[in-house]
Number of protein chains: 2
Amino acid sequence: MSDGSRTSRMRRTSVWLEERPGARRRALGAGHTEGLDRAKITAAAVRLLDAEGPAGFSMRRLAAELGVTAMSVYWYVDRKDDLLELALDAVEGELDVPDAAAEGADWREQVRQSATALRGLLKRHPWASGMLGSFLNVGPSATAFQLGVRRVLLRSGLPGEQADGALTSLFSFVYGHAAVEASWLSRCGEAGVSSEDCLHALRDTLERRPEYAAGGEAVRPLEQRDFGVALECVIVGIEAMARAASAATAAASTAASDTDGASDREGADAPVHTERGAVPKDRPAPVIPAQSAPGDG
Amino acid sequence: MSDGSRTSRMRRTSVWLEERPGARRRALGAGHTEGLDRAKITAAAVRLLDAEGPAGFSMRRLAAELGVTAMSVYWYVDRKDDLLELALDAVEGELDVPDAAAEGADWREQVRQSATALRGLLKRHPWASGMLGSFLNVGPSATAFQLGVRRVLLRSGLPGEQADGALTSLFSFVYGHAAVEASWLSRCGEAGVSSEDCLHALRDTLERRPEYAAGGEAVRPLEQRDFGVALECVIVGIEAMARAASAATAAASTAASDTDGASDREGADAPVHTERGAVPKDRPAPVIPAQSAPGDG
DNA sequence: ACCTGAACACCGTTCAAGT
DNA sequence: ACCTGAACACCGTTCAAGT
């Protein structure tokens, strides 16, 4: 019931989740400088994506860049999507996995650094943020980074289940922010317009066209999206979550035995500051919902 | 220097930002039941996207659905991308714009409802979350909704600039979360695998393959991503931001005149609870950065 | 004003050969 | 084992015609 035969039933959800992954066509570690290679192809794909964007990327174009016929690539990679997944995880390898065991490190600062590093990555490779909405993103590099940040989040005092919620919150925010920013920049870039001119055109449209009911006074602020302020907002939310959780733990252990050493955790004696009971921690945490899978209607 | 001639220089950043938008080819309000129509085409596009997903959507397929030749659509729409933008804003029209002027409404509850409604929309139309990373999303419906939520956020006591940061944080989170969730579901769906089986395969891979260095104990939690917990985390962050801001305002007005009515705002006397000065509000809020626009390298 | 058909320059991918 | 060429079934979009 729980052996590996179940996985052979599925066609393909990700390059990383296939039956004999990695060692498919040729040993990855073979040290030959001539001929193609999964690593070489992946590196070329990253270069091409960086240079031309996802719209300019094609198997034929990539093969030309490698000085090879279009179909040669298919010996190393089954489908274009597999190659894109490889490219995605390859750039995520640029991230430093934070060290949760570092001695005097403040978890907030580590979270701040990891989030900023991820954002920087997604700005260096603007095509990557779009891929996060297309692929599973479960490659080794992506996984190592996410687990590392999770370990850092646990240092806040957050229990495991809520640390996952915080991790989701943090990554969703960084991904979403980068995707919106990337689409803005690429749209302006393709049209040959500066961001300022584009914002100017937007303001003009909002003021002049009747479909846009509301006035222009509230439009201006939408120009400014500050990653730092928004990130700080998420971190503060995580912090409040952790404080509420450790206060609950302290109260419980105080009720059990009165002389407990749990109060040396910082902020454990602070009250919960939200009016409505802060973070609901007794709500069931569902698995990613399986119903209504998008397929053919 | 600031007249409309500047906007004619740009080719196209969005359907919504073209020179004579809306009234391009035919009056939109014309009441004829026969023949095509921008509205009819847009509605058919939404239906096709819902049914087949973005990969199954093509101009030829759409035209067939409309019982018309492929090129007929091009009389009403300049490019496929324009049509996708129209479809995106069309589904965003399903959202209720929150009423910030409602009498006894709690802003947290309104934010919660709006975020949940947006998430529901992005789950009903899974292709939409991907489009948010491709287009400007400045159509009338999207704009009305965002400005409405912004007005609600202002009721928290947050000053305008920080309300934009909070808005960015909130929307980025919902977008990012929906995009990751949608990609997960669609990948599993296309492979004909349930989410549970896919998670099982992922856990197997993490445990067995050497590239995935870390052990499996930290892998399990990544299955559970609770939108509610993460959303609450963002809301608590916004709340803390607002409390810090209004505390600063109260302190300033107390310094100016001692008998000020500003202290009746709830929580204004609470101290800032973050150890590092909470939200940095003196940091400059940059416009969406214009440098390093992704184009040809 | 509205719609069509043929055509152009592409795609991803399969398949039978080559060496 | 590795690479090629021709071919299939598609794309988005242009353009000259039709009515």
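In what follows, every chain begins at residue 1, and chains take the letters A, B, ... in the order their sequences are listed.
- Of the candidates A/Leu206, A/Val193, A/Leu202, A/Asp204, A/Leu202 is the only one forming a side-chain contact (heavy atoms from CB on, under 4.5 Å) with B/Leu17.
- Taking atom CG of A/Leu84 as the reference point, atom C1' of C/dT13 lies 15 Å away to the nearest angstrom.
- Between the P atom of D/dT14 and the CZ atom of B/Arg79 lies a distance of 9 Å, rounded to the nearest Å.
- Of the residues in residues 57-71 of chain B, those lying under 4.0 Å from DNA chain C by heavy-atom distance are B/Arg60, B/Val68, B/Thr69, B/Met71.
- One can place CG of B/Asp78 at 9 Å from P of D/dT14, the figure rounded to the nearest angstrom.
- Take A/Phe171 and apply the ring-ring contact (aromatic ring centres under 6.0 Å, His included) test, not counting sequence neighbours, and it matches A/Phe145, A/Tyr175.
- Rounded to whole Å, atom P of C/dT4 lies 14 Å from atom CH2 of B/Trp75.
- Residue A/Ser141 forms a side-chain contact (heavy atoms from CB on, under 4.5 Å) with just one option from A/Val97, A/Val91, A/Asp89, and that option is A/Asp89.
- B/Tyr212 and A/Trp16 have perpendicular rings, their planes meeting at more than 60° on a 0 to 90° scale where under 30° would count as parallel.
- In this structure, B/Arg12 places its CZ atom 11 Å from P of D/dT13, rounding to the nearest Å.
- Under the side chain to side chain contact (heavy atoms under 4.5 Å, CB included) criterion, A/Glu65 pairs with A/Leu48, A/Arg61, sequence neighbours left out.
- Listed pair B/Tyr74 / C/dT4 fails the phosphate criterion, with no side-chain N or O lying under 4.0 Å from OP1 or OP2.
- Applying the side chain to side chain donor-acceptor pair (under 3.5 Å) test to every pair with at least one member in residues 124-136 of chain B, sequence neighbours left out, gives these pairs: B/Asp50-B/His125, B/Asp50-B/Trp127, B/Glu94-B/Arg124, B/Glu94-B/His125.
- Remark: A/Arg119 qualifies as a cation-pi partner of A/Phe227 under the 6.0 Å distance and 45° angle criteria applied to the six-membered ring.
- Taking atom C1' in both C/dC2 and D/dA17, one finds a spacing of 13 Å when rounded to whole Å.
- No donor-acceptor pair closer than 3.5 Å links the side chain of B/Glu211 to the backbone N or O of A/Pro140.
- Residues that satisfy the side chain to side chain contact (heavy atoms under 4.5 Å, CB included) test with A/Ser183, not counting sequence neighbours, are absent from this structure.
- Between the CD1 atom of A/Ile41 and the P atom of D/dC3 there is a distance of 8 Å, given to the nearest Å.
- Among the duplex regions that DNA chain D forms, those built from at least three successive Watson-Crick or G-U pairs under 3.5 Å are C:4-8 with D:12-16, C:12-16 with D:4-8, ordered by first number.
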